[in-house]
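Computation of the quantities below employed the complete heavy-atom set of this structure, encompassing side-chain atoms and omitting hydrogens, waters and symmetry-equivalent molecules. Numbers restart at 1 for each chain; the letters A, B, ... are given by sequence-line order, proteins then strands.
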2 protein chains.
Amino acid sequence: MLHEEVVGRIRAILLDGEIPPGARIPERELCERLEISRTPLREALKVLAAEGLVQLLPHRGSRAAKLTDKDMRDLFEVCQGLEALAGELACERITDAEIDAIAAAHADMVRHFHERDLIQYYRGNRAIHEAIVTAAGNPVLAGLYASVTARIRRARYVTPMTPQRWELAVKEHEAILNALQRRDGVGLAHILRAHLRHKREEVLQAGFAETEGSDVTLRIA
Amino acid sequence: MLHEEVVGRIRAILLDGEIPPGARIPERELCERLEISRTPLREALKVLAAEGLVQLLPHRGSRAAKLTDKDMRDLFEVCQGLEALAGELACERITDAEIDAIAAAHADMVRHFHERDLIQYYRGNRAIHEAIVTAAGNPVLAGLYASVTARIRRARYVTPMTPQRWELAVKEHEAILNALQRRDGVGLAHILRAHLRHKREEVLQAGFAETEGSDVTLRIA
DNA sequence: TTTTACATTTTTGAATGCAAAATTTGCGAT
DNA sequence: ATCGCAAATTTTGCATTCAAAAATGTAAAA
């Protein structure tokens with residue numbers, strides 16, 4: 001198994017929540033499961049720590065990273081900036097074919113909205129945002145976007161949505177598609193920012209904070 | 001020596017250009033120099049590869065990453081977005097004391113400009129940009145900014161500058177300070193974007209491309 | 001003389017082993 | 001019964017070792 005594959009599989013385990021935020025990562029068990037020894041596993045954990053998905057505590061092993069409200073806010077803030085940038089760049093570079101593909105994905109998503117199929121809606125939603133980032137034609141940007149969205153994914157695509165919120169989100173997506181078709185970069189950037197700001201409010205209001213009580217024990221001498 | 005320290009030291013070696021872009025990274029030598037064994041060294045190299053400073057070629061070792069013109073453009077593009085975002089956030093959150101500190105750093109930098117001390121000028125320049133990012137109060141943003149600037153640092157602070165360019169850069173920095181003092185986030189974002197766009201043009205015109213001919217040999221059967 | 005096949009050497013990637021550190025366990029004192 | 005402390009166990013981090021892959025060198029054939 002290749003190094004990148006090891007990283008990918010552990011990342012998937014973390015994103016699926018199979019190892020919940022804050023939980024210790026059992027080296028021995030993961031080794032057996034992935035059928036590798038500790039050396040490549042530990043290399044992968046260090047990489048994931050650099051990405052922010054894993055927390056390394058010297059001499060105390062590694063844990064799945066836990067996000068505070070502040071972390072979540074910061075991540076959304078950056079995500080807004082990245083998507084806004086991607087939107088602007090995409091408007092300069094996107095091809096007609098790419099726009100058509102996004103329009104199709106949008107139609108699909110709206111259908112899932114009407115069917116009230118949240119899972120499929122989220123899937124389509126994500127595909128659209130990723131397509132915009134891809135259309136920006138900037139692999140560096142795409143990489144950072146992937147790393148930031150990976151960290152907030154659970155929150156972004158798991159939060160329950162009220163019917164009003166959902167409707168607003170769909171309206172915003174109409175505007176997103178419209179701006180893309182008009183290749184209105186500045187407009188698209190604004191809409192994307194607002195869209196993500198609303199999403200962030202949802203997530204934070206839902207109280208997504210992953211800090212369920214510090215497990216640090218204070219010892220007073 | 002702690003893991004993070006190993007990563008830091010190798011990063012420094014790469015940023016100093018001690019191992020030039022494209023050059024092979026001699027594992028054995030680095031081990032002796034850092035007085036560590038191959039295991040922690042290789043862990044660090046994997047982390048640096050995830051950061052984009054090192055290229056891992058399966059079964060062929062690691063090389064210091066080489067940047068193409070396209071890479072450089074992409075990095076600057078993202079850097080513009082990150083700094084613009086940082087500028088906007090900084091205007092919302094910066095304290096008077098922080099503004100005063102930046103004003104002082106600015107005055108220093110202008111002095112170095114009049115003294116035609118490019119090294120010190122660059123040092124002050126960098127301190128200002130970093131102070132703005134810090135003032136944004138978003139560690140996630142600061143982390144991404146650090147990673148992106150690390151990759152372009154050699155270009156950004158090594159490119160020779162014409163007197164006109166230099167003068168323009170100083171003027172832009174006046175505007176940056178001014179916008180900060182007025183806490184004009186949108187204005188600051190615009191100035192920072194233009195400032196970096198100019199810097200990018202400089203760097204690309206200087207032909208910084210780090211690709212001195214592919215060393216791939218094509219063999220036709 | 002050039003090219004190709006093969007053997008040797010070097011280097012990479014991963015498993016194992018070992019010492020240090022932390023956690024857990026067990027026992028005695030209050 | 002509970003708290004405190006020390007021994008035992010586990011876990012971590014790194015060095016070493018080992019097998020496989022790639023690079024290098026050599027010699028024979030075209």
Side-chain angles (χ1 to χ4, degrees), chain A residues 1-11 13-14 18-66 213-221, chain B residues 1-11 13-14 18-20 22-51 53-66 213-221:
Chain A
M1 182 153 47
L2 217 55
H3 166 70
E4 266 310 321
E5 199 189 332
V6 176
V7 174
R9 289 193 53 184
I10 302 174
R11 202 195 332 256
I13 289 173
L14 291 169
E18 204 173 322
I19 296 177
R24 281 184 56 130
I25 295 171
E27 275 190 14
R28 198 70 61 178
E29 270 178 49
L30 262 187
C31 286
E32 287 166 20
R33 173 159 165 197
L34 301 183
E35 291 174 308
I36 54 176
S37 77
R38 284 179 57 221
T39 306
L41 177 76
R42 289 169 51 77
E43 285 174 354
L45 289 178
K46 297 241 153 90
V47 169
L48 291 167
E51 279 181 34
L53 285 173
V54 166
Q55 244 180 320
L56 296 178
L57 302 142
H59 296 287
R60 287 189 198 178
S62 39
R63 300 171 161 279
K66 238 190 324 197
S214 166
D215 42 13
V216 175
T217 312
L218 283 179
R219 284 194 201 101
I220 293 143
Chain B
M1 186 155 42
L2 218 55
H3 165 70
E4 264 311 320
E5 200 188 332
V6 176
V7 175
R9 290 192 54 184
I10 303 172
R11 202 195 332 256
I13 289 172
L14 292 169
E18 205 173 322
I19 297 178
R24 281 187 53 134
I25 294 172
E27 276 190 14
R28 197 68 63 180
E29 270 178 50
L30 263 187
C31 285
E32 286 166 20
R33 172 159 166 196
L34 301 183
E35 292 174 305
I36 54 176
S37 77
R38 284 179 59 223
T39 307
L41 177 77
R42 289 168 52 76
E43 285 173 355
L45 289 178
K46 296 241 156 84
V47 169
L48 291 166
E51 279 180 33
L53 285 172
V54 166
Q55 244 180 319
L56 296 179
L57 303 141
H59 294 286
R60 286 188 197 183
S62 39
R63 307 173 92 87
K66 238 187 332 194
S214 166
D215 42 12
V216 175
T217 312
L218 282 179
R219 283 192 201 104
I220 293 140

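- Straight-line distance from the CG atom of B:L41 to the P atom of C:dT12: 10 Å, rounded to whole Å.
- With rounding to the nearest 0.5 angstrom, the CD atom of A:Q55 is 10.0 Å from the OG atom of A:S62.
- The CD atom of A:E35 sits 15 Å away from the P atom of C:dA14 (whole-angstrom rounding).
- In the 5' to 3' direction, nucleotides of DNA chain D lying under 4.0 Å from heavy atoms of chain B begin and end at D:dC14 to D:dA23.
- Atom P of nucleotide C:dT16 and atom CD of A:E27 are separated by 15 Å, given to the nearest angstrom.
- Atom CZ of B:R28 is separated from atom C1' of C:dT9 by 13 Å (rounded to the nearest Å).
- Taking the side chain as every heavy atom from C-beta outward, A:I10 and A:L41 approach each other to under 4.5 Å.
- For residues 50-62 of chain A, every residue pair satisfying the salt bridge (Lys or Arg N to Asp or Glu O under 4.0 Å) rule, not counting sequence neighbours, is listed here: A:R11-A:E51.
- Under the side-chain contact (heavy atoms from CB on, under 4.5 Å) criterion, B:E18 pairs with B:I13, B:R33, not counting sequence neighbours.
- Taking all atoms of both residues into account, the shortest heavy-atom contact from A:A65 to A:G52 is CB-O, 3.4 Å.
- Rounded to whole Å, the distance from CD on A:E43 to C1' on C:dA15 is 12 Å.
- Residue B:G61 is the one, among A:S37 and B:G61, whose nearest nucleotide of DNA chain C lies closer to the 5' end (criterion: closest heavy atom).
- Evaluation of the side-chain contact (heavy atoms from CB on, under 4.5 Å) rule for B:R9 yields B:M1, B:E5, B:L34 as partners, not counting sequence neighbours.
- Within 4.0 Å (heavy atoms only), B:R60 reaches sugar-phosphate atoms of the nucleic acid but no base atom.
- Among residues two or more places apart in sequence or in another chain, the side-chain hydrogen bond (donor to acceptor under 3.5 Å, both in side chains) test is passed with A:E27 by A:R38, A:R42.
- The line from CD of B:E43 to OG1 of A:T39 is 8.0 Å long, rounded to the nearest 0.5 Å.
- For the pair B:R24 and C:dT10, the criterion of a side-chain N or O lying under 4.0 Å from OP1 or OP2 is not met.
- Inter-residue side-chain proximity for A:V7 and B:K46 is flagged as unmet; no heavy-atom pair is nearer than 4.5 Å.
- For the segment residues 50-59 of chain A, residues with any heavy atom less than 4.0 angstrom from an atom of DNA chain D are, sorted by number, A:L57, A:P58, A:H59.
- Spacing between atom CD of B:E29 and atom C1' of C:dT10 amounts to 14 Å, rounded to whole angstrom units.
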